[in-house]
There are 2 protein chains.
Amino acid sequence: MEQAISSVDRATSELRQMIFSGELAPGSDHLETELAERLGMSRTPVREAALTLRAQGLVELRPRRGLRIAPVSAQDMRDIYDILTELESLAAARAAEARYSRADLATLASTINDMDTALANDDLRAWAQADDRFHRELVRLGRNARLSMIVSVMRDQVRRARSTTLFMRPKPVQSNDDHRAVYQAIAAGDAKTAHDIHHTHRRQARDMLVALLEKHQLHGL
Amino acid sequence: MEQAISSVDRATSELRQMIFSGELAPGSDHLETELAERLGMSRTPVREAALTLRAQGLVELRPRRGLRIAPVSAQDMRDIYDILTELESLAAARAAEARYSRADLATLASTINDMDTALANDDLRAWAQADDRFHRELVRLGRNARLSMIVSVMRDQVRRARSTTLFMRPKPVQSNDDHRAVYQAIAAGDAKTAHDIHHTHRRQARDMLVALLEKHQLHGL
DNA sequence: GTATCCATTAACGTATACATAAACAGATAC
DNA sequence: GTATCTGTTTATGTATACGTTAATGGATAC
């Protein structure tokens with residue numbers, strides 16, 4: 001009983017992919033008809049996908065101009081990281097309060113190992129993926145479905161900018177140490193430490209990324 | 001040249017209104033066709049509005065069952081207030097850092113006066129409205145458009161529950177004092193104090209509301 | 001009486017049709 | 001040359017059509 005994927009879902013995920021990959025460039029406009037043709041469907045599912053993507057901040061709808069792929073400025077990056085900082089730190093605190101067993105934290109621990117391995121291999125893409133998994137798992141452990149949703153939407157908004165700057169940034173050694181410290185605080189049930197370390201971690205990430213964007217004049221990524 | 005309001009916009013705002021007023025009861029299901037007829041339009045704009053409302057967490061879309069008006073449990077309330085607490089407190093800190101002039105803060109100050117007046121008159125509805133304006137203005141002063149958006153979506157999700165419990169809660173005297181203290185910290189440029197007071201303020205509001213919902217068995221408001 | 005199967009119904013997902021109004025170009029006035 | 005006007009084009013907003021498929025109820029088997 002396989003679930004035939006609906007056109008709307010396909011449009012949503014394919015458009016997301018095209019945005020993340022840069023195939024649809026930040027700031028560019030695309031007519032509904034054009035996208036519908038590219039995706040091999042009628043305008044209706046494209047329109048519906050567009051509404052969802054707009055709600056997630058990935059596109060703007062400009063009547064008679066088409067969908068505009070939302071650019072992300074340095075200021076946007078700051079704003080988004082501020083939100084991520086607060087909400088992920090809250091999740092870290094809640095995770096610590098939840099008194100998870102080591103077994104419950106196994107997934108979190110494994111992402112940290114993956115990051116270590118990737119770093120040893122100088123494989124930045126693998127590192128970024130493991131980093132992503134760490135943050136996603138951390139938020140999941142915080143057990144607040146709305147918070148998870150918001151964080152994942154914000155994370156998507158900076159995905160392009162993050163992958164563009166991935167190879168410009170210094171080796172993320174500090175990141176791994178931070179993650180390990182957060183993990184240990186959660187395992188120890190120390191909510192305040194988990195919160196504060198993660199907070200500092202995210203604020204540093206924000207400053208580093210914003211500096212990169214501004215230095216390289218990467219406007220509207 | 002007045003801007004003829006589009007059907008989608010009308011559907012969105014009318015459905016929102018019907019949800020807030022309780023005309024569409026929490027947990028109830030409503031077919032697209034039925035709603036379209038009630039609003040005097042075809043299914044298309046109703047569907048599009050539904051997608052937006054889903055993104056805002058106000059309805060769920062259940063194929064062949066219709067739109068379900070999202071209920072808000074005590075746990076939901078806790079989750080939402082946790083998010084509001086962090087984000088509004090961040091906004092308060094940012095507002096303090098922005099070094100606004102007294103003139104810039106006039107609107108904020110006026111909402112506090114309105115709350116005092118309303119409380120003196122025992123007019124709880126007017127108090128709630130002024131309280132809303134205070135929080136909205138506070139967030140606006142934080143200058144983070146995405147944060148403002150998230151906060152307003154979260155606030156909408158608990159709107160029904162708040163108005164239901166409005167007359168059960170103790171007189172919000174403490175609230176007015178808290179708001180005044182936050183205002184003064186912002187005016188003084190003291191980000192930490194603004195943040196911490198508002199944080200405590202929101203956490204207390206959360207505990208009070210959650211206790212009310214649980215005590216009165218108000219499930220799925 | 002209960003459970004299973006099947007026919008019927010109707011809500012949805014998607015495609016298509018169409019009127020409206022914005023964008024653009026070309027023409028005209030100055 | 002510049003600005004305004006006008007006609008044309010076309011993307012959109014909305015309505016409608018239609019096939020698919022999940023939900024419902026009744027019949028049948030036990």
Side-chain angles (χ1 to χ4, degrees), chain A residues 1-19 23-71 149 220, chain B residues 1-19 23-71 149 220:
Chain A
M1 58 161 298
E2 65 191 74
Q3 186 65 304
I5 187 87
S6 80
S7 294
V8 183
D9 290 347
R10 191 161 67 78
T12 308
S13 68
E14 293 197 12
L15 289 176
R16 285 168 60 87
Q17 211 42 57
M18 289 159 81
I19 293 171
E23 184 179 339
L24 300 179
S28 62
D29 291 331
H30 305 272
L31 297 175
E32 293 174 4
T33 317
E34 171 213 330
L35 294 173
E37 190 153 354
R38 263 165 98 162
L39 297 177
M41 58 183 70
S42 81
R43 272 175 56 220
T44 310
V46 173
R47 269 180 79 83
E48 300 195 351
L51 288 168
T52 299
L53 296 175
R54 175 183 63 173
Q56 297 174 353
L58 293 176
V59 306
E60 296 163 43
L61 302 184
R62 322 198 336 150
R64 306 196 171 258
R65 294 275 171 86
L67 286 73
R68 160 151 303 182
I69 311 304
M149 178 77 74
Chain B
M1 64 160 304
E2 65 190 75
Q3 186 64 304
I5 188 85
S6 80
S7 294
V8 183
D9 291 346
R10 192 161 65 78
T12 308
S13 68
E14 293 197 12
L15 288 175
R16 285 168 61 84
Q17 212 42 57
M18 287 158 81
I19 293 170
E23 185 179 338
L24 300 178
S28 63
D29 292 329
H30 305 273
L31 298 174
E32 292 175 3
T33 317
E34 170 213 329
L35 293 174
E37 190 153 354
R38 260 165 101 162
L39 298 177
M41 58 184 69
S42 81
R43 272 175 56 218
T44 309
V46 173
R47 270 181 77 83
E48 300 194 352
L51 288 168
T52 299
L53 296 175
R54 176 184 62 173
Q56 296 174 353
L58 292 177
V59 306
E60 297 163 43
L61 302 184
R62 324 200 334 151
R64 296 178 188 272
R65 294 276 172 85
L67 286 72
R68 161 151 302 184
I69 310 306
M149 179 77 72

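Source: prediction; values computed, not measured. Order of the sequence lines fixes the chain letters, A, B, ..., with proteins taken first and strands second; residue numbering starts at 1 for each chain.
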- Separation of A:D29 atom CG from C:dA23 atom P, in whole Å? 12 Å

- Mark yes or no for a side-chain to base donor-acceptor pair under 3.5 Å between A:T44 and C:dA15, with no hydrogen or angle criteria applied. yes

- Item | B:R38 and B:E23, any side-chain heavy atoms less than 4.5 Å apart | yes

- What one should report as the nearest heavy-atom pair of A:R65 and A:D29 is O-CB, 3.4 Å

- Query: Is any side-chain nitrogen or oxygen of B:S7 closer than 4.0 Å to OP1 or OP2 of D:dT14?
  - Reply: yes

- Task: Calculate the interatomic distance between A:R10 atom CZ and C:dT14 atom P; express it in whole Å.
- Result: 10 Å

- Task: Using whole Å, report how far CG of A:L35 lies from P of D:dA11.
- Result: 12 Å

- Item | Proximity to the side chain of A:M41 - top-ranked nucleotide from C:dA15, C:dA23, C:dC12 | C:dA15

- CZ of B:R65 versus P of C:dA11: gap in Å, rounded? 13 Å

- Query: When the distance from CG of A:D9 to C1' of C:dT14 is rounded to whole Å, what number comes out?
  - Reply: 13 Å

- Smallest heavy-atom separation, B:A11 atom then B:A49 atom, equals CB-CB, 3.7 Å

- Task: Could you work out which one of C:dA23, C:dC12, D:dT14 sits closest to the side chain of B:S6?
- Result: D:dT14

- Taking side chain as C-beta onward, heavy atoms only, is A:T12 less than 4.5 Å from A:Q56? no

- Query: From the list D:dG13, D:dT14, C:dT14, which nucleotide is the closest neighbour of the side chain of A:E48?
  - Reply: C:dT14

- Measure the distance from CD1 on A:I5 to C1' on C:dT14 and round it to the nearest whole Å. 15 Å

- Of D:dT21, D:dT12, C:dA15, the nucleotide closest to the side chain of B:R64 is D:dT21

- Note on the structure: Sorted by position of nearest nucleotide on DNA chain C, 5' first, the leading residue of B:P63 and A:P45 is B:P63

- Message: Less than 4.0 angstrom between a side-chain N/O of B:S42 and OP1 or OP2 of D:dA15, yes or no?
- Response: yes

- Message: Here's a test for you: under salt bridge (Lys or Arg N to Asp or Glu O under 4.0 Å), which of B:E32, B:E48, B:E37 qualifies with B:R43?
- Response: B:E32

- Query: According to a strict under-4.0 Å criterion, is A:R47 in side-chain N/O contact with OP1 or OP2 of D:dG13?
  - Reply: yes

- Please give, in whole Å, the distance from C:dG13 P to B:L51 CG? 9 Å

- Message: Whole angstroms only, please: what is the CD-P distance between A:E32 and C:dT14?
- Response: 15 Å

